[in-house]
Each structure stands twice: as C-alpha cells, then as structure tokens.
Protein chains: 2
Amino acid sequence: MRDVAVRAGVSTMTVSRALNEPGKVSEDMRERVLKAVREIGYLPNHLAGSLSSNRSTTIGLIVPSIDNSIYTQTVKGLSEVLKRSGFQLMIAESGYDPNEEEELITVFLSHRVGGLVLHSTEHTPQAIEKIRKSGIPVVENGNIPKEPLDMVVSYSNRDASYAMTMHLGRLGYRKIAFASLYSVHNDRSQDRLKGYLAALKQLGHEPDPRMVLETGRGLAAGAEVVARVMQSVPEVDALFCAGEVLAAGALFECQRRNWSVPGRIALASFDDVDLLRHVSPSITTLRLPRYDIGERTARILLSRIIDGADHLRGSVVDLKFEVIQREST
Amino acid sequence: MRDVAVRAGVSTMTVSRALNEPGKVSEDMRERVLKAVREIGYLPNHLAGSLSSNRSTTIGLIVPSIDNSIYTQTVKGLSEVLKRSGFQLMIAESGYDPNEEEELITVFLSHRVGGLVLHSTEHTPQAIEKIRKSGIPVVENGNIPKEPLDMVVSYSNRDASYAMTMHLGRLGYRKIAFASLYSVHNDRSQDRLKGYLAALKQLGHEPDPRMVLETGRGLAAGAEVVARVMQSVPEVDALFCAGEVLAAGALFECQRRNWSVPGRIALASFDDVDLLRHVSPSITTLRLPRYDIGERTARILLSRIIDGADHLRGSVVDLKFEVIQREST
DNA sequence: CCTGATTTTGATATCGGTAACAACAGAATT
DNA sequence: AATTCTGTTGTTACCGATATCAAAATCAGG
C-alpha cells in the first residue's frame, strides 16, 4: 500500500480511503489512486485491515458433518448472501461432539470472525461463556432451542414431527412407528421424538416403545429399520422415518420383501430431497426451509455486523415447513 | 497478550514463545505463563499473528457448487486433515464461472490464505497471473489438466470414462450412448466425452452424435436423458450416464416405462454414491477416490506450507478409480 | 573462581493497514 | 474582508502479535 501511495504521490491514508470510503475522497484523487493500484497490481491485506479496524468480514460456520447433504442447501444460502456483501465463510465440522465444537469455536474466535453460525444447539458451558465474552453475534439454526445463545433461524423439529404424525393419524393409520437418527447429543432427534409422542397423545394412540427406533444415517439404515419394526410389531401400518433418506432406504427394502407401500405399510419422511419425489411410490415428506435458513441467517447476521442492529439481539425466526402428501401414504 | 505478560511478570515476547515455541522457554516460565493465560481467559489473536509472522493457517477452497454431494466427501477429507494441523478452511463457490472464480481467488489472496484448493481446472489468465505472483501453493483437484497451475491431486476423468466405456464394450453392448453434464466451462465433462470417444474407437464402434447427450443435474435430468435417447435411437442397448445420479434418474424412468434394465437397456454411472447400490437393479458405476483426494490434497499442501517441501512443486498425483460391476449391466 | 559457551529473557522495530485528530484550502456567511 | 464552515488530505499512534538482535542468566570446563 505504501508503494501505491508513493506512486500516486499521496499518503497511505488517502489510498485507504479511496479504496474503502470512496465518498470521502475527491473524484480525481480516487482515479489517481485506482490507477496506481492497477499499475502496481496491489492487493489489500485483509488481515492488516481487520486487525487495525477491529472489524472482520469472516463468518465461522460449524456443522456436525460436512458430508451431510441436508446442510448443503443451508450452506449455499449462507454463502450466496455473504458473498454478495464481501464476506467469507470459514467452515468446520464438529462431528456431533460438543467438546469438538467448543474447540472450533475457540479457533474461530481466535481468528476474530465477525459472527458465528452453529448448527447444533447443544454447547458446553465453556463454549457459551467464550461466545458471551467475545460479544460477537451468533445464529443457531438446527433447531429452536429453549435457551438460545443469541439469535435463532430455524424451523421447529418438534412441530414438524408433530405435524407429520398428525397427518398420518388423520389419514387413518393406527399403528404409527417412528424412526430417527441417534439422539445422543442431537436435540433435533430428541425434539422430533417429542413431536411424535405429542401427536400420538393428541390422536389418542398409545405409545409403544417397540415402535420407536433409532438408527444411523443412510439408505442401509432405513432398510434395517423397516425390517426391524415389521419383525417386532407386525401390525404396524405406518413408519415415519424422521431423518434424511431413511424412508427411501425403507422403501427399497419393502420392494425387495414385497411389502406393498402404502398397502402393507405406509412410509413418511423428513426433508424434501430429490430422491423422495422420484421413487415410486413417491414418498410423503416434510419440506423444510433449508435454503431459506441459510439466507435469513446471513441477512440477520449482516444486519448485526454492518448496521449494528442491536435490536435483533436474541431474535428467533421460526421458518415454516410443509407436509407434502405423496403416494407412499 | 499484554495483560497476560503483565500478570505473569514477563515480556510479551516470552508469552508468545511460551505459547508457540514451548521448547524455547524454561519449564517453570511456561507454567507461569499458561497459568496467567488461564486466569485471564486469553485468546490469541490469530490475525495479528499471521500479519506479523507472514504465515497463515487458512486454506482457501473454491468449488463450483457447494450443494453438490460429489464434492462433500473431498471437502471432508480436506477438512479432517487440516483440522488436525490447526488449519482452517475458507470455502466459496464459483458457480462454474471462471470470472467468479478469479474474483474469489482475489479475495482469498487478500485474506492471505496459506494455500489454495481449486476444483475447477479452467482459470482466467488474470487468475493464473495473480496466483503465480502470490507464490502460494495451489492444488487443483477436479481433473488432471494439461498445464497444471502447480500441484494436482485427482483422478483422470478421461481415463475413468474410457474404462467404463470399454467395460460396457467388453460386456457385449454394441450401441453405447453417453450422457454427461453440460460441458461449457466444465473440462471434467469434456474429458469424460473424450474418454468415451476414445473407447468407442478402440472398440471399433462408430460414434453417433445422436447418442451423445448433455443435460443438467439431478434425477429428473437422468429420466429425461434416457427417454430422449430411446426415442431418437431405439436400437441403443446401453447408456453411460457420466454424472452424479443421472443413472438413478434414468433407472426410475425405465421402471416407469417398463423398459427392463439391463435387458432392454443397460445403465452405467459415474461416482459411487450410496443410492446406486441400493436401487434394484443396482447400478454399475465407477468408484472414485473422492475422500482420498481431499486427504492427499491437504497433506501435500501442508508439506509445502509447514515443511517448505519445495520439491513437491508441480507434482501430479493421479489417484486410482475402479469399475464396479453390478446388476444394471 | 573465572572465562567463554549456551540458554533464557527482553527491548525495539515492524507487519500493513485504520482511527482520530490536525492542517489546510476553498466556499459560504456575515 | 474577516470569520466560519465544509471537504479533502496528511500526521501520528496503535491494532496484537513476531523477528531480530541485545542483554542477562545459567552452565561447563579449566
């Protein structure tokens, strides 16, 4: 930058202003500086800028697992909005482990990120303490927690699960089984279970532990889960797979075993992934606002950082979801 | 840091050393500093550190599209290795646009990343110039380009496509159609086509423009493409879908139309995604070293950055792939 | 116990910018 | 014409660390 200043015959301060606050510099001065910048091929040093101004255009994002197709839409929404404002995204994965998350939060704070996006809503006390102390804005967006850290942009896992279970009940299914991902350190799973149980109660169905299952991710897990429940509770007439592509895996297994869907057993899913629409029978599912979550998260974060919109502190955005009735129920 | 130094009754330099070069500081001194760090809850400022030392622990990654399941495995491999060495990942998406890529490269260079990972292998001359000038190590990993920018960790799209086409030929298919993603600004697609054509030549088949198709991403695109080729070339007996889940989409379409697979038409795919294994018939495909690419990329980059392994400059790592024969061919 | 070698610690400049305020010019006000 | 205001540019200090070299402390050998 010194070089640019010399070449343009001005002070570094003027160069800085010409580049970052064009309004505060005269027209021809700006021209002169930009010319020098071009001639020298000058690249501003963002580290120095952030350090000096104590402002950062980097946002830290922590997801449980990068290779989970579910989050990618949210990341895309985040990324697109942030990019438009010249912000960068630093991404790391916590592996569903709060301690690991804490570690990553520490690293991100060290990097002086301007904001933090956490998919998980379960954090260690130390992590919470550190974030509080740092004072940077945070958005949680995997769920709507009881005690938000700061801001929240999400849908309610409990409500969505409740809605789908009620939907199945209204369609006349009497023995509705429920499968979710493992619920340790995963309050999304826990809340989905709560929604399911609340709906059963509302429907007047008796909950049956044999019809509440947990499993891993992937098509194989879905296959396993439908086989397990058919075996232990033959009279089951519907299975709500509250996780990723479990329902598709279940469907493939049903086809292999010649269990008609939805005749013998109905299947419902969580999340509107492409696959569920294209199998036959197509699978009833919930459409969740994955992309919107990312977009809104970015917007609200930018408002806080750029506009200093302090009234947004602690705000909770509960985005809507939708039950999509298809052939499998 | 000043606070820590005061509290421990030493200079900031000693604090810095105690934290970053423990070997250069006496045992009890280190203890005293660490104690002060804990008491104060001191978080090092990474920006200041990088600025001062002119070293960076941030790696920039540019992928064409974040929501592409194909890349997530690679990102995971990268992420895991980098995390272990205390490096961070900055991710952005170029939207398959070299100009956008150039812009992002500029931003990353401004952030003084320690290394760059590019999935695309097509860059603007200015982008190349800037990277050269910056002197940071770069890895390309979407393909093996003719003229690498620096290092390459990838598999050969051409070779993989060739291998699958030859596989189909050896199985006895005579009319092998080929579908890929749009090839503008996508040399992966272009190379896959080259591999296909080379194999046809080798097999002594006549290439037929009606059997070479391009389409978008997703299951619907796969469905469309199989319908299109069956319509225009009824005697086609195999379709090699060289992109993502196209083959699965094609399979679903075949099932809807009652075209038996592989009886009426055989299907082959690119990339070993879970889905292809679980449909029936299961789909013949290529297993590509997606995770390994990320891992190796990270390793080679770290060698260059940490160990200054200059002999690695310009090295090309061609990772192996594998044809997986399944029921669909 | 002294000398020279080796650690260990500290002082100072610097990395590349921006904040805050000062200086100056020309325009507007009186 | 003197005064005030406004807009533009410059000066200086500092952001929070590390590099570099100097100083002090420790150690070994004679």
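We name chains A, B, ... by the order of the sequence lines, and we start the count at 1 in each one.
Checking D:dT9, D:dA19, C:dG16 against the side-chain heavy atoms of B:Met13 singles out D:dA19 as nearest. Nearest nucleotide to the side chain of A:Ser26, out of D:dA17, D:dT8, C:dG16: D:dT8. With distances taken from any side-chain atom of B:Met29 to the nucleotides D:dA17, C:dT9, D:dA19, the minimum falls on C:dT9. Of all nucleotides listed (C:dA20, C:dG10, D:dA17), C:dG10 comes nearest to the side chain of B:Val10.
A salt bridge is absent between B:Lys83 and A:Glu103; no separation between the charged side-chain nitrogens and carboxylate oxygens falls under 4.0 Å.
Taking atom CG on A:Asn45 and atom P on D:dA17, their separation rounds to 17 Å, with Å as the unit. If you take NE2 of B:His111 and P of C:dC15, they are 21 Å apart, rounded to a whole angstrom. The distance from atom CG of A:Leu51 to atom P of C:dA19 is 12 Å, rounded to the nearest whole Å. Between A:Leu43 atom CG and C:dG17 atom C1' the separation is 14 Å, expressed in whole Å. Rounded to an integer number of Å, the gap from B:Lys24 NZ to C:dT9 P is 13 Å. Here the P atom of nucleotide C:dA20 and the CD atom of A:Glu21 are 11 Å apart, to the nearest Å. Atom CG in A:Leu19 sits roughly 9 Å away from atom P in C:dG17 (whole-Å rounding). Distance CD1 (B:Ile40) to P (D:dG16): 13 Å, rounded to an integer number of Å.
In terms of position on DNA chain C, the residue among B:Asn54 and B:Asp28 whose nearest nucleotide sits closer to the 5' end is B:Asp28. Heavy-atom distances to DNA chain C give each of B:Val25 and A:Arg17 a nearest nucleotide, and the one nearer the 5′ end belongs to B:Val25. Judged by closest nucleotide on DNA chain D, A:Ser53 is the one of A:Ser53 and B:Val15 placed further toward the 5' end. Both B:Arg2 and A:Thr12 sit near DNA chain D, but only A:Thr12 has its closest nucleotide nearer the 5' end.
No more than 12 heavy-atom neighbours from other residues, nucleotides or ligands sit within 6.0 angstrom of CG on A:Asn54.
Using a 4.0 Å cut-off, no side-chain N or O of B:Ser11 falls inside it from OP1 or OP2 of C:dA11. At least one side-chain nitrogen or oxygen of A:Arg55 sits closer than 4.0 Å to the OP1 or OP2 atom of C:dA19.
No side-chain heavy atom of A:Lys130 sits under 4.5 Å from any side-chain heavy atom of A:His123. Between B:Asp67 and B:Arg217, the closest side-chain pair of non-hydrogen atoms falls below 4.5 Å.
Between the side chains of A:Thr121 and A:Asn143, no donor N or O sits under 3.5 Å from an acceptor N or O.
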